Amino acid sequence: MTLSVYNTLTQQKEIFEPHNPENIKMYVCGPTVYNYIHIGNARPAVVFDTLFRVLKHHFPKVTYARNITDVDDKINKAAHEQGVDIRVISDKFAQAYRDDINQLNVLAPDIEPRATENIDQMINMIERLIEKGFAYAAEGHVLFNVKSYEKYGELSKRSLDDMLAGARVEVAPYKQYAGDFVLWKPSTDDVPGWESPWGTGRPGWHIECSAMIERHLGTTIDIHGGGQDLTFPHHENEIAQSTCAHDGETYVKYWMHNGYITIQNKESSSQEKMSKSLGNFITVRELLENIPGEVIRFALLSAHYRSQLNWSLDLIEQAYTALDRLYTALRDVPINTESDDKVSDSFIAALDDDLNTPKAIAELHNLAKQINKTTSGAEKQTLAAQLLKSASLLGLLTHEPESWFKSRGNQTSDGLSDEAIEALIQERVDAKKNKDFARSDQIRDELKAQGIELEDTREGTRWQRA
RNA sequence: GGCGCGAUAGCAAAAUGGUUAUGCUGCGGAUUGCAAAUCCGCCGAUGCCGGUUCGAUUCCGGCUCGCGCCUCCA
């Protein structure tokens with residue numbers, strides 16, 4: 001097994017060499033919980049969940065932490081508008097997040113730290129940074145002295161001069177240097193605050209991940225993941241803080257960033273990044289009203305995680321069709337759950353190559369084709385077991401094939417009952433027996449009009465909801 | 001202005017210095033009472049201009065177009 005991953009830090013694929021092979025440490029930036037997540041937010045959850053599965057396949061122990069950011073001015077704003085405590089907002093949307101991605105077959109992480117439960121760790125870390133001369137307090141703020149860390153900009157490939165050239169950095173009187181970023185800021189009475197050596201205040205955004213990784217995973221972790229837009233400033237700042245607080249020890253061995261989900265702009269018909277600030281997003285919750293979670297997951301994995309993925313109706317339909325094909329191959333094949341089924345070699349090789357999910361999916365199709373082709377029942381079973389086991393690494397093919405086709409991934413249906421359908425099918429079987437093809441076809445057409453498709457096989461007639 | 005990413009057939013999307021991606025769609029065939037599903041076959045591709053090479057979609061340079069980051073953002 002040779003797993004390699006693309007490291008944003010070195011801008012190339014590298015062979016994955018764990019810090020400690022006995023316990024792989026992975027951390028992914030989770031959501032700020034002030035709203036329902038959109039499909040773009042779901043991509044890192046699904047992508048790194050897939051990586052989590054692959055790592056678990058290869059290593060005896062993987063510790064995966066994915067945080068919940070529950071200290072944020074957007075949460076404060078929502079809480080203020082609704083006249084409730086921030087905890088009401090953050091609890092609600094943290095749970096909504098879990099529910100949504102659970103439907104996308106995303107496994108729970110081992111640790112789900114929350115910012116509010118780690119304030120003391122953050123304060124402690126900030127104090128150490130001040131002691132070591134990397135941060136300074138001013139007017140109730142604490143700022144990180146960017147110039148004190150010579151490698152600042154290493155991750156995002158930019159120099160301090162370049163960054164300030166954009167002149168979009170917030171200039172403030174308490175800053176020694178315009179590029180310095182906030183570790184701690186003061187809170188007024190109408191905003192949540194915690195006691196600190198610098199007065200009542202709240203943490204800046206970046207410190208939480210550094211502090212939570214330090215507490216839950218240790219000084220050096222293997223993989224840190226997130227969306228591409230976190231590379232700068234978030235992850236760049238994390239590196240600066242953690243490296244300085246730990247006297248230069250490596251913070252993260254492999255930085256991994258997923259590409260954006262884009263969506264067609266209705267007016268310009270060009271593709272643009274889906275984001276909350278642009279307001280062009282589709283929530284996972286909306287999608288789940290009509291589409292099985294597994295279809296959404298398949299769509300997200302149908303492109304390589306680092307490339308941009310344009311969300312469209314066509315994409316969803318293609319994902320649906322592809323899953324139908326895979327489930328069709330499994331239909332009527334008795335599954336031997338006791339077999340020591342193996343993941344296909346070419347399949348795992350694809351995933352080991354920087355999580356090449358499109359290629360891995362192509363391998364699933366190859367397995368399906370072999371299942372369809374072979375006339376040997378035993379071989380069918382072996383291949384089907386292989387297909388299932390392989391797909392499980394992608395978090396796919398989790399339904400029973402029959403229920404997949406009949407209940408459509410547990411989508412509620414308000415049409416004909418299963419019993420009514422079966423009765424009509426029986427009537428059609430009788431008509432066919434009497435060579436009454438007119439009646440037989442009429443029944444098929446009527447069912448089709450109600451979204452029920454029939455299929456005559458040697459073993460009898462089977463059906464599915466369209 | 002600075003920095004980065006991308007451009008593959010009708011669509012989506014991999015890979016590769018010379019040999020089938022894969023799925024969907026289209027066309028033909030097998031199968032079917034007719035369909036559906038399945039199988040077989042076919043059509044069809046590497047943005048533009050140079051360079052390196054026996055040979056480039058693949059490596060290098062330039063160009064064009066698209067996207068993104070530099071500010072909250074997955």
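Note that this is a predicted model, so its numbers are computed, not measured. Lettering of chains follows the sequences in order, A, B, ..., and the numbering in each one begins at 1. Excluded from the calculations below are hydrogen atoms, water molecules and symmetry mates; all remaining heavy atoms, backbone and side chain alike, are included.
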Undergrad: Decide yes or no, distance alone: a donor-acceptor N/O pair under 3.5 angstrom between the base of B:G33 and the side-chain of A:Asp441.
TA: yes

Undergrad: Can you tell me how far C1' in B:A9 sits from the matching atom in B:A45, rounded to whole Å?
TA: 4 Å

Undergrad: Atom CG of A:Leu447 and atom P of B:C34: how far apart are they, to the nearest Å?
TA: 21 Å

Undergrad: Ignoring backbone atoms, establish whether A:Asn366 has a side-chain N or O less than 4.0 Å from OP1 or OP2 of B:A21.
TA: no

Undergrad: What is the distance, to the nearest angstrom, from the CZ atom on A:Arg465 to the P atom on B:A37?
TA: 19 Å

Undergrad: Counting just side-chain N and O atoms, does A:Ser270 come under 4.0 Å of either OP1 or OP2 of B:C67?
TA: yes

Undergrad: Side-chain N or O of A:Asn372 versus OP1/OP2 of B:C39: is the shortest distance under 4.0 Å?
TA: yes

Undergrad: If you measure from the P atom in B:U58 to the same atom in B:A7, how many Å do you get, rounded?
TA: 11 Å

Undergrad: Quick one: does any side-chain atom of A:Asp430 pair with a main-chain N or O of A:Glu427 as donor and acceptor, under 3.5 Å?
TA: no

Undergrad: Looking at A:Glu317, is its backbone amide N or carbonyl O close enough to the side chain of A:Thr321 to form a donor-acceptor pair, meaning the two atoms are under 3.5 Å apart?
TA: yes

Undergrad: Please determine whether any donor N or O and acceptor N or O are separated by less than 3.5 Å between the side chain of A:Ser440 and the base of B:G33.
TA: yes

Undergrad: If I take atom NE2 in residue A:His235 and atom P in nucleotide B:C70, what distance separates them, rounded to the nearest angstrom?
TA: 13 Å

Undergrad: Looking at B:A74, I'd like to know if its phosphate oxygens (OP1 or OP2) sit under 4.0 Å from a side-chain N or O belonging to A:Lys273.
TA: no

Undergrad: Under 3.5 Å, is there a donor on one side chain and an acceptor on the other for A:Asn67 and A:Tyr27?
TA: yes

Undergrad: Do any side-chain nitrogens or oxygens of A:Thr457 fall under 4.0 Å of OP1 or OP2 in B:U32?
TA: no

Undergrad: Let me know the distance between CD of A:Glu272 and P of B:C65, rounded to the nearest Å.
TA: 20 Å

Undergrad: Please report the distance separating the C1' of B:A37 from the corresponding atom of B:U19, rounded so that it comes out in whole Å.
TA: 33 Å

Undergrad: A:Phe232 ring centre to A:Arg158 NZ or CZ under 6.0 Å, with the angle to the axis within 45°?
TA: yes

Undergrad: Answer with yes or no whether A:Arg444 presents, from its side chain, a donor or acceptor under 3.5 Å of a partner atom in the base of B:A35.
TA: yes

Undergrad: Looking at A:Phe405, I'd like to know if the NZ or CZ of A:Arg462 sits under 6.0 Å from its six-membered ring centre while staying within 45 degrees of the ring's axis.
TA: no

Undergrad: Starting at atom CG of A:Asp332, determine the distance to atom P of B:A36, rounded to an integer number of angstrom.
TA: 19 Å

Undergrad: Whole-Å distance between B:C34 P and A:Gln442 CD?
TA: 20 Å

Undergrad: How far, in whole Å, is B:C63 from B:C27 if one measures between their P atoms?
TA: 44 Å

Undergrad: Indicate whether any N or O donor in one side chain lies under 3.5 Å from an N or O acceptor in the other, for A:Asn310 and A:Thr262.
TA: yes

Undergrad: Within less than 4.0 Å of OP1 or OP2 of B:U38, is there a side-chain N or O belonging to A:Arg325?
TA: yes

Undergrad: B:U46 and B:C39: how far apart are their P atoms, nearest whole angstrom?
TA: 29 Å

Undergrad: In whole angstroms, how far is the P atom of B:C11 from the CG atom of A:Leu309?
TA: 17 Å

Undergrad: Can you see if the side chain of A:Arg158 gets near the phosphate of B:C70 - specifically, an N or O under 4.0 Å from OP1 or OP2?
TA: no

Undergrad: Tell me whether the side-chain N/O atoms of A:Lys369 come closer than 4.0 Å to OP1 or OP2 in B:C40.
TA: yes

Undergrad: Would you mind reading off the distance between A:Gln308 atom CD and B:A12 atom P, rounded to a whole angstrom?
TA: 12 Å

